[in-house]
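Heads up: the structure comes next, in structure tokens.
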Amino acid sequence: MKKHNFSAGPCILPQEVIKKSAEAVLNFNNSNLSLIEISHRSKDFVAVMDNACALALEHLNLQNKGYKALFLQGGASTQFLMAAYNLLEKKAAYLNTGTWSSKALKEAKLFGEVIEVASSKDKNFNYIPKNFNIPSDIDYFHCTSNNTIFGTQINSFPEVNAPLVCDMSSDIFSRELDFSKFDLIYAGAQKNMGPAGTTLVVVKEEILGKVSRNIPSMLDYKIHINSESMFNTPSVFAVYVSMLTLDWLKNLGGISAIEKINNKKADTIYTEIDRNPLFKGFAQKEDRSKMNATFTLVEGANQELFDGLWKAAGISGINGHRSVGGYRASMYNALPLESVQVLVEVMKEFERKS
Ligand SMILES: *Cc1c(COP(=O)(O)O)cnc(C)c1O
């Protein structure tokens, strides 16, 4: 039976990407060798890394603008400390919009003074704070573009007179933005780009080299730039699959094309959440995420009935995160509109049978 995969991460990838990846594991580029048993410094794999980096910059419209793309390891969680290690000399400002922001903020405190400019913790992170003040004497400002767990997303990024650093793990390549406003973008692959095991980092080179501390090699962006993401053995499989997904996105028409589909998916689910009397949305309307829709049943609704219905329809991965409860429908780039329509049909059927 066809599965409708709403998993929050690791999550759905395009079927053709999975198929091509499986083929490359058996026989890479007709070499009669597996992708995962050849040197990362072989000509064929270096071409994969180059292509993946080039495609990432192309999608973000950041070619020839002083940016470098890197594929590193350690997940987005390592970027929480790596960003601070490389950029925090005295003081940084953080916007706290959820679990991931909080973790990033905690790591940065190991390196200097950290100002929390605003937090939505007072309402269990169901909104994006607005109208906060950002101090002018900071080394950088950090925010999280999409809050995977709580289902909120930043629509309007603040103007800052300092480098703008953004964790885009769960919405990179999903919507058009002026990416040149950002100086450092990072994203774990496993939400919208590939399998777990690699993290995309896009950094404007001119912001580096300004802190006085010594940086261990593996945590130094400059070292990774100079060795073109090959300072040590990169996560070859994860980089390859990411490259295929970026290529898939390009063939589809890029971010502008996928954004239209993503808007349709989000509109489809939120329309039903708002219409159906048995459900209520978790995030405040104006800050709703187009990637992760969070919702709960109203009091007294028959949870067993709903859970039985979506499971029978082949839906998978919509249980909410433990800090929100209820349900979370993650609708990353590779999730077809049809899957969202199936979920909405199930929500309607639930209403009829309740
Ligand atoms: C999943 C996620 C992370 C953590 O990523 P890891 O690769 O597991 O370290 C960080 N930030 C956001 C926004 C996420 O969604």
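Just follow the structure's listing: the first ligand is 1, and inside any ligand the first atom is 1. From a predicted model like this one, the values you see are computed outputs, not experimental measurements. Side chains are part of it too, since the values below use all heavy atoms of this structure and drop only hydrogens, waters and symmetry mates. Counting from 1, the numbers follow the sequence of the chain as shown.
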Say whether S235 and T198, considering side chains only, have a donor N or O and an acceptor N or O under 3.5 Å apart.
no

Give me the nearest non-hydrogen protein atom to atom 11 (N) of ligand 1 as residue plus atom name, then the distance to 0.1 Å.
D167 OD2, 2.6 Å

Decide if the gap between the ring center of Y94 and the ring center of H142 is smaller than 6.0 angstrom.
yes

Proximal ligand 1 atoms for G75, defined as those under 4.0 Å from one of its heavy atoms:
7 (O), 9 (O)

Quick check: does F80 get an N/O under 3.5 Å from an N/O on ligand 1?
no

Taking atom 8 (O) of ligand 1 as the reference point, the nearest protein heavy atom with its distance:
Q190 NE2, 3.4 Å

Does CG belonging to N133 count more than 12 external heavy atoms closer than 6.0 Å?
no

So, is T144 polar-close to ligand 1, with some N/O to N/O distance under 3.5 Å?
no

Which segment of N146 sits under 4.0 Å of ligand 1 when only heavy atoms are counted:
backbone

Ring centroid separation Y240 to F45 under 6.0 Å
no

Among all protein heavy atoms in this structure, tell me which lies nearest to atom 1 (C) of ligand 1, with the distance rounded to 0.1 Å.
K191 NZ, 1.5 Å

Option set A76, S145, S169, criterion heavy-atom distance to atom 5 (O) of ligand 1, minimum:
A76

Step by step, work out the side-chain hydrogen bond (donor to acceptor under 3.5 Å, both in side chains) result for N262 and N333.
CA-CA 7 Å; N262 289 337; N333 284 355; 2.9 Å; yes

In a check of ring pair (Phe, Tyr, Trp, His ring centres under 6.0 Å) between Y327 and each of F350, F279, F282, F306, which one passes?
F306

Taking atom 15 (O) of ligand 1 as the reference point, the nearest protein heavy atom with its distance:
T148 OG1, 2.5 Å

Can you pull out the closest protein heavy atom to atom 9 (O) of ligand 1? Residue, atom name and distance to 0.1 Å, please.
S77 OG, 2.6 Å

Side chain to side chain contact (heavy atoms under 4.5 Å, CB included) partners for D137, two or more places apart:
K91, P135

